[in-house]
Protein chains: 2
Amino acid sequence: MERRVTLQDVAERAGTSRTTAHYVLTGRDREMRIGEDTRRRVLRAANELRYRPDLMARGLRTQVTRTIALIADAVASEAYAGDLVAGALAATAARGYLLFVCETGEDAELEEALVEELLARHVDAFLYATYFTRDVVVPAALRDQRVALLNCRAPGLPSVVPDEVGAGRTAAEALLSAGYRDGIWLVGEPAPHVVASVERLRGIEEALTAAGVRAAGTVPCAWWPESAFERFGALLDDGQEPAAVICANDRVAMGVYQALAVRGRRVPDDLAVVSFDDSDLAVWLHPALTSVALPHRELAAIAVDLLLGEGGPPPGEHRVPMPLRRRESVAVRG
Amino acid sequence: MERRVTLQDVAERAGTSRTTAHYVLTGRDREMRIGEDTRRRVLRAANELRYRPDLMARGLRTQVTRTIALIADAVASEAYAGDLVAGALAATAARGYLLFVCETGEDAELEEALVEELLARHVDAFLYATYFTRDVVVPAALRDQRVALLNCRAPGLPSVVPDEVGAGRTAAEALLSAGYRDGIWLVGEPAPHVVASVERLRGIEEALTAAGVRAAGTVPCAWWPESAFERFGALLDDGQEPAAVICANDRVAMGVYQALAVRGRRVPDDLAVVSFDDSDLAVWLHPALTSVALPHRELAAIAVDLLLGEGGPPPGEHRVPMPLRRRESVAVRG
DNA sequence: ATGAAAGCGCTAACAC
DNA sequence: GTGTTAGCGCTTTCAT
């Protein structure tokens with residue numbers, strides 16, 4: 001591994017000074033009125049030597065590094081967080097930034113330490129992310145940094161979150177517009193501290209009420225297949241005749257499918273199903289599931305745009321629409 | 001945002017020189033025989049000023065940055081890659097390194113450019129990862145760097161991959177030891193260019209042959225639920241009576257479950273199912289699926305250990321065992 | 001138009 | 001035991 005080639009080397013080979021070489025290599029030669037052929041010599045020398053500026057040295061001098069930090073509570077849980085990371089990655093790369101990724105497991109001390117470390121490395125900005133939407137309190141050291149919250153919220157800080165109320169409306173309307181009015185059940189227990197739960201419910205109520213419809217009831221299962229399988233199965237065995245269900249998420253829908261399958265009932269003819277998240281499951285289920293998508297990549301892209309945009313991110317909450325992915329789990333009613 | 005506090009500031013407040021401050025703050029005061037009370041003063045000053053060394057400046061001087069780069073073809077696809085990233089993250093963090101994460105989408109030019117960029121930032125080492133196991137050709141610039149391949153292989157380079165042959169054996173033995181001999185079908189078409197396919201098949205053959213058993217046949221479906229649903233369903237409708245299946249992966253198993261459910265057949269009583277990957281699906285399926293796990297986090301942890309270990313990673317392939325996760329999809333035969 | 005020189009904050013050889 | 005000094009490679013002000 002030979003010594004790095006430095007600006008000095010380029011300047012020497014071009015028979016000029018570092019300053020001159022510097023200006024032509026950073027493309028500011030026009031403003032310095034550097035001679036066309038000096039310019040040529042520098043460019044050629046740089047090429048021949050395969051000169052690459054030392055970004056650490058540059059960073060030390062300029063105090064800007066073109067790096068940003070993503071601080072997330074989890075990067076892989078639930079198969080969701082991955083898309084957040086991927087989205088952030090793509091968006092930062094597109095702007096020529098490199099991304100430090102950190103995972104905190106919600107450990108506040110670790111968070112503080114990480115922020116210190118990242119500050120010591122002069123990252124230009126911070127993305128603070130959570131794998132499910134919630135309110136957070138960010139480390140104090142972050143408060144006077146350039147920061148955007150991704151999929152979470154804190155008073156006074158710029159944040160990007162999915163429009164869960166709209167999603168609730170969308171889900172209900174998918175059923176209403178297909179002709180369902182009576183026998184619409186909600187599956188998945190309400191969770192008062194989970195933003196997604198509260199807001200989806202609100203959206204659903206809104207849309208239903210606006211159509212003069214009331215939900216037939218709620219199946220209070222955990223947001224997992226097994227629990228949904230059992231509780232929704234029990235509902236069926238009770239002799240209830242749901243016409244349609246709105247599931248808390250795709251995993252719940254999976255449990256509903258299983259409960260139906262065991263009893264020989266069919267989606268969508270015996271029961272219409274809509275859900276939230278649009279995870280991989282939605283297309284794996286049979287028949288494929290109509291689901292309101294959580295646009296993780298887009299959330300991340302927007303957060304990065306805000307973060308790196310002129311003048312820094314405008315404070316306040318940015319709500320990103322959750323689009324409906326129509327598939328085969330809702331039949332139009334006669 | 002006030003000026004950073006520098007070593008100079010600490011030294012001044014402690015009434016000593018930068019050198020002295022430096023040695024005590026880096027814990028090398030013993031070797032320099034620095035006065036106990038000088039030591040105290042320096043420590044106190046640093047504390048009071050909340051001194052944090054500028055890691056960029058240090059890096060420029062020492063040429064080591066305690067950063068490493070993860071270059072992956074994909075960081076979120078298929079809900080697998082996330083665990084690779086999370087594993088690498090945890091392992092590097094545990095050693096006090098920060099991780100740059102990059103995604104290439106298999107674009108070779110982008111890869112070259114990224115490596116240049118990372119080199120310009122003086123990352124100490126590289127992790128080169130793929131989201132499914134395969135042979136790769138790494139960018140030329142990486143060849144003389146400290147590098148470990150994660151979930152992929154290239155001649156002459158250190159790599160960490162899952163032991164898929166062993167996994168094949170494990171899957172077959174799970175069935176054999178439960179008393180299955182006849183009517184064992186393989187579900188999922190062989191893919192000659194996919195390491196997992198070739199090696200799992202080899203392991204399965206080995207174990208079966210050793211027990212004097214032959215597979216009843218192969219259902220050549222794509223490795224997705226829908227395809228498995230159709231092709232395996234067709235097998236059932238053909239009047240075949242499989243006793244057990246080894247699925248190419250959990251998604252295929254999902255398709256098999258669906259085909260069974262529609263026909264009123266039960267797992268595990270009518271059919272035993274084993275699979276590979278042990279993804280989230282395995283526990284979501286009903287009944288829960290016995291699957292041979294792809295230990296992504298462990299692969300990553302081992303790769304990081306090799307990479308950062310004394311003397312750098314030993315070249316050659318490191319095979320990591322794939323453990324069987326026994327659940328309810330295999331019943332012991334009478 | 002080009003170059004000399006100072007300095008970003010840290011480390012380490014060397015002198016006292 | 002402690003301090004002086006010379007860089008790491010780059011950017012930028014200021015002379016020329």
Side-chain angles (χ1 to χ4, degrees), chain A residues 1-43 45-46 49-66 116-117 119-122 124, chain B residues 1-43 45-46 49-66 116-117 119-122 124:
Chain A
M1 226 182 304
E2 335 70 59
R3 192 179 63 76
R4 275 192 78 82
V5 4
T6 76
L7 190 55
Q8 179 81 266
D9 300 326
V10 175
E12 270 168 21
R13 170 174 270 247
T16 177
S17 74
R18 270 149 69 217
T19 312
T20 305
H22 168 69
Y23 279 113
V24 353
L25 289 176
T26 48
R28 296 193 303 176
D29 52 312
R30 274 291 70 153
E31 83 193 51
M32 282 296 153
R33 290 175 306 180
I34 281 172
E36 179 56 21
D37 101 11
T38 312
R39 203 182 90 88
R40 285 249 169 69
R41 288 200 321 274
V42 170
L43 256 16
L49 296 174
R50 313 205 64 229
Y51 170 70
R52 297 285 175 278
D54 184 316
L55 297 181
M56 204 164 31
R58 173 180 289 171
L60 178 61
R61 188 64 239 249
T62 61
Q63 302 294 61
V64 345
T65 54
R66 295 191 80 81
E116 291 284 354
E117 166 99 16
L119 248 17
R121 293 182 189 283
H122 294 270
D124 295 338
Chain B
M1 225 182 306
E2 333 73 61
R3 193 178 62 76
R4 276 193 78 82
V5 6
T6 76
L7 191 55
Q8 180 80 265
D9 301 325
V10 175
E12 271 167 23
R13 170 175 270 249
T16 176
S17 74
R18 271 149 67 217
T19 312
T20 305
H22 169 67
Y23 279 113
V24 354
L25 289 175
T26 47
R28 294 191 302 174
D29 51 316
R30 274 291 71 153
E31 83 193 50
M32 280 296 154
R33 292 175 302 178
I34 281 172
E36 179 55 19
D37 102 12
T38 311
R39 203 182 90 87
R40 285 249 169 69
R41 287 200 323 275
V42 170
L43 256 16
L49 297 174
R50 313 205 67 231
Y51 170 68
R52 297 285 175 276
D54 183 317
L55 297 181
M56 204 164 32
R58 174 182 286 173
L60 178 60
R61 187 63 241 249
T62 61
Q63 302 293 60
V64 345
T65 53
R66 296 191 79 81
E116 290 285 354
E117 168 98 16
L119 249 16
R121 292 181 191 283
H122 294 271
D124 295 338

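Residue numbering restarts at 1 for every chain, and letters A, B, ... go by the order of the sequence lines. The model shown is predicted, which means the values in this text are computed figures rather than measured ones.
One atom, CD of B/Q8, and another, P of C/dT11, lie 14 Å apart when rounded to the nearest Å. Atom CG in A/L60 sits roughly 18 Å away from atom P in C/dA6 (whole-Å rounding). D/dC10 atom P lies 18 Å from atom NE2 of A/H122, rounded to whole Å. In this structure, CZ of B/R4 is placed 17 Å from C1' of C/dG7, rounded to the nearest angstrom. Distance B/L49 CG to C/dG9 P: 14 Å, rounded to the nearest Å. Between A/E36 atom CD and C/dA1 atom C1' there is a gap of 13 Å when expressed in whole angstrom units. Between the CG atom of B/L7 and the P atom of D/dT4 there is a distance of 14 Å, given to the nearest Å. Nucleotide D/dG9 holds its C1' atom 14 Å from the CD atom of A/E12, rounded to whole Å.
Shown here for A/V5 and A/Y51, the closest heavy-atom pair between the two residues is O-CD1, 3.4 Å. For the residue pair A/M56 and A/D54, the shortest heavy atom distance occurs at N-OD1, 2.8 Å. The nearest pair of heavy atoms linking A/L25 to A/A46 is CD2-CB, 3.8 Å. Taking both residues in full, the closest heavy atoms of A/L7 and A/A21 are given as CD1-CB, 3.9 Å, listed atom of the first, atom of the second, then distance.
Side-chain N or O atoms of A/T65 include none that pairs as donor or acceptor with a backbone N or O of A/G59 at under 3.5 Å.
Every salt bridge (Lys or Arg N to Asp or Glu O under 4.0 Å) that B/E116 has, sequence neighbours left out, goes to A/R50, A/R52. Listed by chain and residue number, nothing satisfies the salt bridge (Lys or Arg N to Asp or Glu O under 4.0 Å) test with B/R18 (two or more places apart in sequence, or in another chain). Partners of A/R58 according to the side chain to side chain donor-acceptor pair (under 3.5 Å) rule, which considers only residues two or more places apart in sequence or in another chain, do not exist here.
At D/dC8, none of the side-chain N or O atoms of A/T6 fall inside 4.0 Å of OP1 or OP2 (strictly under the cut-off).
With salt bridges taken as basic N to acidic carboxylate O contacts below 4.0 Å, one links B/D37 and B/R41.
Between B/R39 and the options B/T20, B/T16, B/V24, a side-chain contact (heavy atoms from CB on, under 4.5 Å) holds for only B/V24.
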Check: protein-nucleotides 12-16 of chain C nitrogen or oxygen pairs below 3.5 Å:
from	atom 1	to	atom 2	distance (Å)
C/dA12	OP2	B/R28	NH2	3.0
C/dA12	N6	B/T19	OG1	3.4

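Atom CZ of residue B/R4 and atom CG of residue B/D9 lie 10.5 Å apart, to the nearest 0.5 angstrom.
Nearest-nucleotide assignment on DNA chain D puts the 5′-proximal partner with B/I34, out of A/T26 and B/I34.
Of the residues in residues 50-57 of chain A, none has a non-hydrogen atom less than 4.0 angstrom from any atom of DNA chain C.
Closest contact between the side chain of A/T20 and the listed nucleotides C/dC10, D/dT11, C/dG3 involves C/dG3.
Using five terminal pairs a side, the axes of the helix from C/dA1-D/dT16 to C/dC16-D/dG1 at its two ends make an angle of 50°, given in steps of 10 degrees.
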